[in-house]
Asks: 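Questions regarding the structure given below will be posed in turn.
Chain letters run A, B, ... following the sequence lines, proteins first, then strands; residues in each count from 1.
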There are 4 protein chains.
Amino acid sequence: MKRKGPKYDQIIDAAVNVIAIHGYHQSQVSKIAKQASVADGTIYLYFKNKEDLLVSVFNEKMGTFIEKTGNELKGKSSAVEKLLTLIEMHFNLLNEDHQLSIVTQLELRQTNRALRAKIGEVLKRYLSLIDLILKEGMEENVFDRTMDTRLARQMIFGTIDETATNWVMNDHRYDLPSLALPVHRMLVNGLSNNAGS
Amino acid sequence: MKRKGPKYDQIIDAAVNVIAIHGYHQSQVSKIAKQASVADGTIYLYFKNKEDLLVSVFNEKMGTFIEKTGNELKGKSSAVEKLLTLIEMHFNLLNEDHQLSIVTQLELRQTNRALRAKIGEVLKRYLSLIDLILKEGMEENVFDRTMDTRLARQMIFGTIDETATNWVMNDHRYDLPSLALPVHRMLVNGLSNNAGS
Amino acid sequence: MKRKGPKYDQIIDAAVNVIAIHGYHQSQVSKIAKQASVADGTIYLYFKNKEDLLVSVFNEKMGTFIEKTGNELKGKSSAVEKLLTLIEMHFNLLNEDHQLSIVTQLELRQTNRALRAKIGEVLKRYLSLIDLILKEGMEENVFDRTMDTRLARQMIFGTIDETATNWVMNDHRYDLPSLALPVHRMLVNGLSNNAGS
Amino acid sequence: MKRKGPKYDQIIDAAVNVIAIHGYHQSQVSKIAKQASVADGTIYLYFKNKEDLLVSVFNEKMGTFIEKTGNELKGKSSAVEKLLTLIEMHFNLLNEDHQLSIVTQLELRQTNRALRAKIGEVLKRYLSLIDLILKEGMEENVFDRTMDTRLARQMIFGTIDETATNWVMNDHRYDLPSLALPVHRMLVNGLSNNAGS
DNA sequence: CATGAATGAGGGTTCATTCAT
DNA sequence: CATGAATGAACCCTCATTCAT
């Protein structure tokens, strides 16, 4: 199982393309192969099966993104700043690749439990980044220290994800990155230590 | 196309049951028919096709719920109170019917775009309830009047939905209704008019 | 899984037909369905899968034959006579249905171990008939009582089978039933108690 | 098309090995190549195609055996003695190479008609040896001169082959060579000129 | 109204073979 | 001579839907 090489990337990109245009259930392996300009069988030299290909699509795109985001966060000094960076990077990623946004927000969700479990594994690393921010904010006494971290994480991820999904479902008709700031403000408010107010 | 009768309800309930237990992709029409104690063909006397059945499942269960929620909200005098009621009722609904929670939070999402679009139509009525609360809160000057209502709605729905989904994915291992209060607190904070602080 | 009905027989007969004409590896389910004038899917109402169909073909044809043979043997009074009846019935069966002979002697052998194991199960009942004849002949002191029964059975079955296979491989060019007598003579000689000679 | 060289033998041996262990249908060209420590493509420098390889396997192993058997027979003075030698050598060959016995008795039979026809060609030389023995025995007036030679040959080969196949199917659990004598006795009896008895 | 036997389209995957290096 | 990456044809089975009874 080769996991590198130009054909590997071709196939990943073709998969994003085909899924975005035709939808998950109309993305036959043969269609992806054609789009990637390789033979059907070639896909199985690089991926164990179709599910492996789809997981890899998510992994390649999100894995890199999560890493980049993690690195970027290190350069920020406060939890509030880090949260803004996270949201901005998330929205920018999707905005820079509309096809990818369709795939991750809509198409890759209509899969069986097994596939989503594997996608969930990748997502966990993203959720960990959120947890780190929350922890730091609570240590800084900027976020409410009595908060249930899990709930806070769900609010952050739920809000970001719902915002992104709505944007995609509205055919990218408005500007997503510019929503980072207001979303950030709402979230910071929601998480804030309001003890003194 | 009969839309009423004892068999209609039998089929709807059987569908929830089968989907919750076997998962969306293992819920063949014949299996639902068997569970409902009717013949396969009978399903097509009550529903146009399988998609129509699935939409109807969502419609029947959520439609009633949305109506009940709307009525309940009328009895509350403030936006903050209404939001709490909304969250509580949402969490209670899912908590009272674990099978339904599996179906709506996990299984019914792994469907094609067309089906989800129709489900989205039903959801709009729910989102309208949220919008009404937001509007009222802003008029009361309790919620930030400069907020983008759509974003606020997405935060509310995204947080509630993500919280519910996580609860289901964790096999209902903890108590969902008791999360209504902390979720409510976070959301109210997030939405609040903090102008003076 | 229906195991009876006109369609069941149609499919079995179509399978024999298609396999005899096109060969085992060119006998696709769709081809058999077409020959049986049913839809592809109908085959799966009567058979679990393709292997089940093939085993059933053998079962239906040989099962009946073995039963008939067993009954016929009861009417014969000596082991020698019974052996002749067995050989004659075996050769007559194949002679009366050339297509079946192609299927059992040539095509059904080029299958995987699993399928052949199941076919072997059916064959065991036939081999038991041979064992009964041998036992009787040894009790009558007509067959050599010191013989290894298994070897004797293998000689009988091996000879009959090889004779039949050669006949099929020679395109049924000569008359098989008329070989029953000389084959019988050789076998009886081979099995005889020659103690006194 | 090279038909000689160390790689040629490596491939032949690898084929026997792989087929015996994994079975005919799990013996892909790539697996045989790997076992032979050559590249897939290299096989096509030595064999026209997979079928040619399989025929060659049979040819190489049986060809040598048939020659050796033929030579050995020359040293025996009577047909009866020759027949014993043939059976003993046949059983010894299989007993000395269990993997080969699996391949020739079980695996190589589950092939298409074309391949078996070619294997039949090789076998003809073996059957000729039997014919020679029969002819000699009839000339010696030891075997029945009125016998149908083809039937006699089929009895001999059918019995030997069936005995060998059963031994393999019983996982070589008993000693095959020691069956040569009783098999020989039965066959000689079967073939004998019993005119006087 | 209700039945359930019958339909038939559609796709992921394997693997013998080729050929550029 | 040798390699091994790439090719692409081929097929079993499922299941939503229909319709004669």
Asks: When the nearest nucleotide of DNA chain F is assigned to A:I43 and to D:K7 on a heavy-atom basis, which residue is associated with the more 5' position?
Replies: D:K7

Asks: Could you check which residues of residues 11-22 of chain A get a heavy atom under 4.0 Å from DNA chain F? Sort them by number, please.
Replies: none

Asks: Take the protein atom NZ of A:K31 and the nucleotide atom C1' of E:dG10, then report the distance between them rounded to whole Å.
Replies: 12 Å

Asks: Parallel, tilted or perpendicular for B:F65 and B:Y126, by the 30°/60° rule?
Replies: tilted

Asks: Quick one: D:D52 CG to E:dA16 P, roughly how many Å, whole number?
Replies: 14 Å

Asks: Tell me the interatomic distance from A:L53, atom CG, to E:dT13, atom C1', rounded to whole angstroms.
Replies: 13 Å

Asks: List the steps, then state whether side-chain contact (heavy atoms from CB on, under 4.5 Å) holds for D:K2 with D:L45.
Replies: CA-CA 6 Å; D:K2 278 173 65 74; D:L45 297 175; over 6 Å; no

Asks: Between D:I32 and D:L53, is a side-chain contact (heavy atoms from CB on, under 4.5 Å) present by the stated rule, with each step listed?
Replies: CA-CA 10 Å; D:I32 295 172; D:L53 164 57; 4.1 Å; yes

Asks: Using heavy atoms to find the nearest nucleotide of DNA chain E for B:Y46 and C:K2 separately, return the residue whose nucleotide is more 5′.
Replies: B:Y46

Asks: With salt bridge (Lys or Arg N to Asp or Glu O under 4.0 Å) as the rule and sequence neighbours excluded, what pairs involving residues 16-40 of chain C come up?
Replies: none

Asks: For DNA chain E, write out the stems as range with range, using runs of 3 or more consecutive Watson-Crick or G-U pairs with both distances under 3.5 Å.
Replies: E:2-21 with F:2-21

Asks: Once you round it to whole Å, what is the distance between P of E:dT3 and NZ of B:K34?
Replies: 14 Å

Asks: Could you work out, with salt bridge (charged side-chain N to carboxylate O under 4.0 Å, His left out) as the rule, every residue matching B:K61, not counting sequence neighbours?
Replies: B:D13

Asks: Within the 4.0 Å limit for protein heavy atoms, which parts of nucleotides 11-21 of chain F are touched? Write it as a string from 5' to 3', B for base, S for sugar-phosphate only, - for none.
Replies: SSBBSSBB---

Asks: Will you find, in the side chains of A:Q110 and B:N112, an N or O donor that is under 3.5 Å from an N or O acceptor?
Replies: no

Asks: With ring pair (Phe, Tyr, Trp, His ring centres under 6.0 Å) as the rule and sequence neighbours excluded, what pairs involving residues 14-46 of chain B come up?
Replies: none

Asks: Roughly how many Å is it from CD in A:Q10 to P in F:dA5, rounded to a whole number?
Replies: 16 Å

Asks: Might you work through the side-chain contact (heavy atoms from CB on, under 4.5 Å) test for A:L54 and A:I19, ending with a clear yes or no?
Replies: CA-CA 10 Å; A:L54 297 176; A:I19 295 173; 3.5 Å; yes

Asks: Does the side chain of B:T104 come within less than 4.5 Å of B:L94's, by heavy atoms?
Replies: yes

Asks: Quick one: A:F47 CZ to E:dG12 P, roughly how many Å, whole number?
Replies: 15 Å

Asks: Take atom NZ of A:K118 as the centre, draw a 6.0 Å sphere, and report whether it contains more than 12 heavy atoms from other residues, nucleotides or ligands.
Replies: no

Asks: Under the criterion side-chain contact (heavy atoms from CB on, under 4.5 Å), I'd like the reasoning laid out for C:I21 against C:Q26: C-alpha separation, chi angles, the key distance, then a yes or no.
Replies: CA-CA 9 Å; C:I21 292 172; C:Q26 279 307 307; over 6 Å; no

